[in-house]
Amino acid sequence: MTTPTHNRPASFDLSREEAWVLHTALTSALDRALDAGETPRYARALVLQLESGETEFDLTARRFVADALATYLEDVPDRDAAIAARLLDRLRDTL
């Protein structure tokens with residue numbers, strides 16, 4: 001269940017599969033930033049937050065995560081496609 005909000009932090013109850021797909025999307029964003037010669041502090045912080053089990057994201061984080069998922073969907077493995085699309089829809093509902 002997603003806590004309905006637009007300007008406040010939103011908390012997401014993620015299944016194990018959803019957490020895995022979100023983690024993969026965020027680590028892909030982190031890798032892209034590193035490949036571009038950037039220092040991906042924000043992406044790294046979100047990966048660490050997710051790894052700690054914290055799934056409450058402020059608006060800036062939700063936008064970043066939505067962008068990461070949208071990019072991930074461009075070349076997502078078949079096994080993750082439906083989950084990533086569902087997560088992206090849930091995130092967009094909170095933006």
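All residue numbers refer to positions in the sequence shown, counting from 1.
- The distance from the OG atom of S28 to the CD atom of E74 is 11.5 Å, given to the nearest 0.5 Å.
- Closest of all the heavy-atom pairs between V76 and D80 is CG2-CB, 3.5 Å.
- Side-chain atoms of R62 never come within 3.5 Å of backbone atoms of L91 as a donor-acceptor pair (strictly under, hydrogens ignored).
- Atom CZ of R63 and atom OG1 of T94 lie 9.5 Å apart (nearest 0.5 Å).
- Atoms CD and CG, from E51 and L26 in turn, are 9.5 Å apart once rounded to the nearest 0.5 Å.
- Judged by distance alone, with hydrogens and angles left aside, the side-chain atoms of Q49 form a donor-acceptor pair with the main-chain N or O of E56 at under 3.5 Å.
- Of the inter-residue distances, the one linking L46 atom CG with R44 atom CZ reads 11.5 Å to the nearest 0.5 angstrom.
- Counting heavy-atom neighbours within 6.0 Å of D35 CG, excluding the residue itself, gives a total above 12.
- Closest approach of Y42 to D58, counting heavy atoms only: OH-OD1, 3.9 Å.
- Between the Y72 side chain and the L22 main chain, no donor and acceptor come within less than 3.5 Å of each other.
- Under the 4.5 Å side-chain criterion, counting only non-hydrogen atoms from C-beta, L95 is in contact with L59.
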- Query: Given the rule in the side-chain contact (heavy atoms from CB on, under 4.5 Å) test, do L50 and V65 qualify, once you have shown the distances and angles that lead to the verdict?
  - Reply: CA-CA 11 Å; L50 184 61; V65 172; over 6 Å; no

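- Linking ILVMFWY side-chain heavy atoms closer than 4.5 Å, directly or via other members, places L48 and F64 in two distinct hydrophobic clusters.
- Remark: L87 CG to E18 CD distance equals 5.0 Å, nearest 0.5 Å.
- Tested against L88, the residues L69, I83, D67 include a single side chain to side chain contact (heavy atoms under 4.5 Å, CB included) partner, L69.
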